[in-house]
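A short write-up of the structure that comes next.
Every value quoted in this text rests on a predicted model; they were computed, and no experiment measured them.
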Number of protein chains: 2
Amino acid sequence: MEQKQRVGEKSPQAMPRPGGRAARIQAAVFKAVDELKQAGEELTVPAIATHAGVTPSTIYRRWGTLAELLSDVAVRHLRPDAAPPDSGDWRADLKGWLEQYAEEMASEPGRAMIRDVLAADRTDNACVCSAYTGQQLDVIRQRALDRGDSPPDTAVLMDRVVAPVIYRILFGRETPAGEYVAGLVAEVLGDGEG
Amino acid sequence: MEQKQRVGEKSPQAMPRPGGRAARIQAAVFKAVDELKQAGEELTVPAIATHAGVTPSTIYRRWGTLAELLSDVAVRHLRPDAAPPDSGDWRADLKGWLEQYAEEMASEPGRAMIRDVLAADRTDNACVCSAYTGQQLDVIRQRALDRGDSPPDTAVLMDRVVAPVIYRILFGRETPAGEYVAGLVAEVLGDGEG
DNA sequence: CCACTAAAGCAAATAGTTTGCTTTTAGAGC
DNA sequence: GCTCTAAAAGCAAACTATTTGCTTTAGTGG
């Protein structure tokens, strides 16, 4: 018989058997990570396992390493929960969105999440993460297109605006300020089209 | 007598007592890391210690964690060993330098080094790493200035050319190709001035 | 040359990880 | 709905890595 495969979610962390238990345990473990992080506890696999009411070996067998688990937790939080606000002025929306994005990513939790995503051996989470960003930009661009405007390509926005912000967060001594971010947007809008 | 402080190197890894032994052991450990990596061995602290003829506790006390050690090893390799070649045409030099930089960073060893640098808790190594890049760019810019030309600011080059390359390496599904890199340079040179 | 101290060695204790085996449970076919 | 199957969880015993207290070594300054 052929595969029926009605996968409930296409979330990170492929679940070859999407029955209730797998999901329940995954949720418990993710919650445990969040709660321990919140509480400022040491994030170790045994600690997470205990807090989640699960055996360490369960975590090791599902995720392999702590880094992979933390990476999955991070992408989860990096998934945007809403489309960028729509003010009717897509340039302003772009600027606003980027300012918020930069602030969020430059914050300590934000930086930690990026670090966690990148620390995993598996590279997919990083791609997913940047795909989320691209999708947000696409939403803003689509609104511009709908109004007959011609916004820069998503790839251009990623290169000119997202990449510099992330680069500075990862490699810079000080975190990118709002003024700097606004400058990036102004530039890409300024020379992308008259 | 005042401090004589003939510090052999001002390398990363502050050495409060620059006597011969500290340096010898550091070198032995770094070499051990390189050799084990080369040999495809599992990179663990005990393995490195054994290979370096040193106790694990020495490594733990000096570096704290494997991640910190690997980070220090990585910056060491990321330090440029020579100034960018000088062809007399700084635009060509810039393009050539970036192409080589991108290729090096996008290679498996290159990616691993960036990962290692970013994985450390201490954030200084990442800054040092980007400072190296800035210095290389400065050399090229200085040549342009010496000829009365007006190259883009280093910060602009970092944002427009280095950041996108690194972003794509870290977050992208496929590695930035030479054509793409050349395009970035062309753009920044194209609209930075005339 | 001696005293002083930072750093290394050593080894025991602790903590984290892996693994073989057993048990549970979701899903498929009847 | 009931059984069968196999993926995934539990358990516990190795195993490996990390931490730590104490001792020893070796640069540095007197």
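The listed nucleotides are C/dA26, C/dG16, D/dT20; the one nearest the side chain of A/Pro46 is C/dG16. When the nucleotides C/dC10, D/dA9, D/dG27 are ranked by their closest atom to the side chain of A/Ile25, D/dA9 comes out on top.
Listed by chain and number, the residues in a salt bridge (charged side-chain N to carboxylate O under 4.0 Å, His left out) with A/Asp153 are A/Arg141 (sequence neighbours excluded). Under the rule for a side-chain contact (heavy atoms from CB on, under 4.5 Å), the partners of B/Met113 that lie at least two apart in sequence or sit in another chain are B/Ala74, B/His77, B/Leu78.
Atom CD of A/Gln26 is separated from atom C1' of C/dT25 by 17 Å (rounded to the nearest Å). Between the CG atom of B/Leu70 and the P atom of D/dA17 there is a distance of 14 Å, rounded to whole Å. If you measure from atom CD1 of A/Ile59 to atom P of D/dG10, you get 9 Å, rounded to the nearest angstrom. If you measure from atom CD of A/Glu42 to atom P of C/dG16, you get 7 Å, rounded to the nearest angstrom. A straight line from CG of A/Leu43 to P of C/dG16 spans 11 Å, rounded to a whole angstrom.
A salt bridge links A/Asp72 with A/Arg122; the closest basic N to acidic carboxylate O contact falls under 4.0 Å.
An OP1 or OP2 oxygen of C/dA8 is reached within less than 4.0 angstrom by no side-chain nitrogen or oxygen of B/Thr55. When the side-chain nitrogen and oxygen atoms of B/Thr44 are compared with OP1 and OP2 of D/dA17, one or more of them lie within a distance under 4.0 Å. Between A/Arg61 and D/dG10 there is no side-chain N or O to OP1 or OP2 distance below 4.0 Å. OP1 or OP2 of C/dA7 has not a single side-chain nitrogen or oxygen of B/Arg62 nearer than 4.0 Å. Phosphate contact (OP1/OP2 of D/dA9, side-chain N/O of A/Thr58, threshold under 4.0 Å): absent.
Within the 4.0 angstrom heavy-atom criterion, base atoms lie near A/Ser57.
Figure legend: B/Arg168 and B/Tyr180 shown as a cation-pi pair, the cationic atom lying under 6.0 angstrom from the six-membered ring centre and within 45 degrees of its axis.
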